Amino acid sequence: MKAERWQQVDQVLQAALDLEPGERSAFLAEACAGDESLRQEVESLLALAGQAGDFLEAPPEDLAAEMLAEERAPGERAAGVPAPQELRPVHKQTGTVPGSPTSEVAAQSITEDQAERNTAMTNNDQPQRVTERINADQAPTGRGPFVVAPGVTLDGRYLIEQELGRGGVGAVFLARDQKLHNAPVVIKVLLEHLEQAEHKAWFEKKFRQEAEALARIDHPGVVRALDVGELPDGRTYLVMQYVSGTSLRSALRPQGMELERVAKLIRQVGQALSAAHAQGVVHRDLKPENIMLQQAGDEEYAKLIDFGIATVLEAPTSTEIKTTKVAGTIDYMAPEQLHGKPTAASDVYALGVIAYEMVTGRRPFNPDSPYQLLELQRAGVRVKPCDLRPSLPAAAQAVILKALAYDRRDRYAQAKDFSEALAQALTAEVGHLELPETIRVKTQPPQRTPRLLLLAGLLAVAAIGAAVWWRLQSQIGSTANRPQVTPAIVPTRELSYWLTVQRDPKRYPGSKPFLLPGEILFSVGDHVRLNISSPQTGYLYVINEGPAQTNGLPELNVLFPDTITNGGSAEIKADQTVQIPRPSRKPGQDWFIFDQEEGLEKIWLVWSERNVPELEAVKGWANPKNEGEIGDPGQIKAVAEYLAAHAVANPEKDEMSKRTKLKSKDGVLVALVKLEHH
Amino acid sequence: MTTPSPPEITRLLQDWGQGDQAAFDQLLPLVYDELRRMAKRYMAREQPGHTLQTTALIHEAYLKLADQKEKRWQNRAHFYAVAAQAMRHILVDYARSRHRAKRGGGAVFTSLDEVPLVSPERSAEVVALDEALTALAAIDQRKSRVVELRFFGGLTEEETAEVLKVSPITVKRDWRSAKLWLLRELQRGEGQG
């Protein structure tokens, strides 16, 4: 085929792909009139549209793995390292990318599912056979590094079963203690090939010191260190208790957790942290994922796992690597830790962030980078916990904010002081509110009442907000649409959306719904639900745009507000989640289900601080008779113009929370969600 | 064989970003060598059986080779573009050798421990894809590049758009029709078999 001919084919092909499948043959007949071979050419390509779904979508990773396996010729093998074939595990490992800077260091947190899988592994006789061949005790102790991998037994006792994760410095494995009824244990070891050889000795020493310190911590709220050993090549390894249960992450709720439960858990974590600090061990990587919740009878216990030993955080790496490695975890880091100097006070700060998140469902800062986080931390917490959860006692808010002080000297001296103060403030009955004596604000005498303190805080924030507002106004130079809400408390508005997806149950029987931060290409039969939420109170409108009609105007359907849910009102509360389609008792009614081979659903989300007259005017069409379709051309025009006039805000995908977020300093946020299916 | 300094790589990336094709030709062997070197190092420290993503390897090469003070993501995208081509060469060379071995070697004895992670069929697919991509380049250079960047380099639509100096929507459209074209080409190849 000549290039010119292909261009012609491609042009018609693209136009046809933009159409609904049913409209294509008529289009082709017209577009290829008189050129039968062109039509055949395009049709032969269009016919493959149904098969093209997964084609080329996954990177060629399995091939890369094999290629690399062979890259290492036998002659190049370092002494003491078994040949790759000898170590090749019978079970194909999945999960994190080894050694990749993007892979997170997995915690010891193992879900029940994984635990089951692990048990299944032991029952397989295959790993045992491998073990006999490459027992660590028999391995030659040459100059080369010793490879810790599934099937290897350390000191004739710990049979490595599975790698749980690795970072730039250390790796974590699940193993069985063969001397103790095959009890599961977690083993941590420094990587054999540290990038910077000159730091290796330092890491090794540090690792050993901390391992020994951890072994001295005797507290039910801290994962227990069981043993410290040495690999044939001299590296230290640490054996730790395997902690089952669920992580605190899974207990967090968008609207905040029950305050009494927060008090209980925070108190336990604070005491555990203080016990670690007393032994000179700083956690360094405190986050909800590293706090495991265990149930014993009716009581719930929190246990700290994955102390920052052999994690990437200590590594003297470049800032770029740091940003990548700790992606998703910097949110809990104290300012001094971002500067590379973590102390016990950094753990107090992290616990403050966790407490904030437990009571409000959100973190105080949502930065894009460590630099931005530092800026936000320096500016102080703008969105106060009580703004998000008005029922929160003011004293509890003051305690949390103190833990989040920028200067570590302004925080609580000890983790248990903080947790005790917070637990008391949370459980104190209204009317008996007392400020913990440790609360101090630099410019204020410590005897002030909480109410006055809070007022002073608000005034200070209002002053900052007013300055920002003034600047914005002078830039815009317009007084129209001035929001009524004072910008003092929340300078940046946010709207987030995420999708609940259920793959076609007919094709994927037993598949469960899962969350996605943004759009993917869907297939026929896939079920999708759109969830929308904003941390601020405002007005939400959701409009579905269909193809242009004969009069040139698009077909518009009002999806929200409707006459049934939310009392027919567009006003939504802070953190209220709106579900589209609306919840329904009839099966299948609460999903969008793609029933055509190919197409594109455009869904407009409009969040505004004030109600939008153009959109208020059309919400009446969302009645059972019209099913949301706007029937008045004048109104369609007005809505289309409104949408066109408001630029779509820049979305950012947050893989951590599985949400797409839009942020703006304007009072209006517009998003266009495209659900493409083929 | 010396590793080029990060500032040198950055300079070449910038030159290429500004349209200097010679800079790309200088970059390619540097990145190619580094990817192969890293592949060897990987095998010294990882147990096989792990699924290693080509994109992860490229990312690590970037962290190693590029100037970390350089924050422009456009340079990163350009680096990935070079690495995509290098990765294509490496993978296809490898797949070709495997494919040949299978065809010429007759029955191959495999014990349980030596079952290859990748079937010879997959190798054949990669070789066929490479040939189809070359054929596509003859009639539509840009679409062929879009596939190379996205598939072998793992670039996003936006990054691909930046490298090719087109809009993301163009990338999206190129991608969907290139996929159809390649699919048809591969199926024709099977038929002729």
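Side chains included, hydrogens not; waters and symmetry mates left out as well; all remaining heavy atoms used. Computed from a prediction, not measured in an experiment: that's the story for all the values here. Numbers restart at 1 for each chain; the letters A, B, ... are given by sequence-line order, proteins then strands.
Taking CG from Leu45(A) and CG from Leu183(B), the interatomic distance works out to 9.5 Å, rounded to the nearest 0.5 Å. Separating the CD atom in Gln7(A) from the CG atom in Asp140(B) is a distance of 7.0 Å, to the nearest 0.5 Å.
Counting heavy atoms from C-beta on, the side chains of Gln187(B) and Leu48(A) come closer than 4.5 Å. The side-chain heavy atoms of Val9(A) and Trp181(B), taken from C-beta on, include no pair separated by under 4.5 Å. Inter-residue side-chain proximity for Arg176(B) and Leu17(A) is flagged as met; some heavy-atom pair is nearer than 4.5 Å. By the 4.5 Å heavy-atom criterion applied to side chains, Leu180(B) and Phe55(A) are not counted as neighbours.
For the side-chain contact (heavy atoms from CB on, under 4.5 Å) test, residues two or more places apart in sequence or in another chain that qualify with Ser44(A) are Arg184(B). The ring-ring contact (aromatic ring centres under 6.0 Å, His included) search around Trp175(B) returns none, not counting sequence neighbours.
Scanning all heavy atoms of the two residues, the minimum distance from Lys2(A) to Ile139(B) falls at C-CG2, 4.1 Å.
Dense packing is recorded around NZ of Lys165(B), with more than 12 heavy atoms of other residues, nucleotides or ligands lying under 6.0 Å away. Residue Gln14(A) places its CD atom among more than 12 non-hydrogen atoms of other residues, nucleotides or ligands, all under 6.0 Å distant.
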Exercise. Given Arg173(B) and Asp10(A), is the salt bridge (Lys or Arg N to Asp or Glu O under 4.0 Å) satisfied, shown in steps?
Worked result: CA-CA 10 Å; Arg173(B) 294 173 79 82; Asp10(A) 188 37; over 6 Å; no
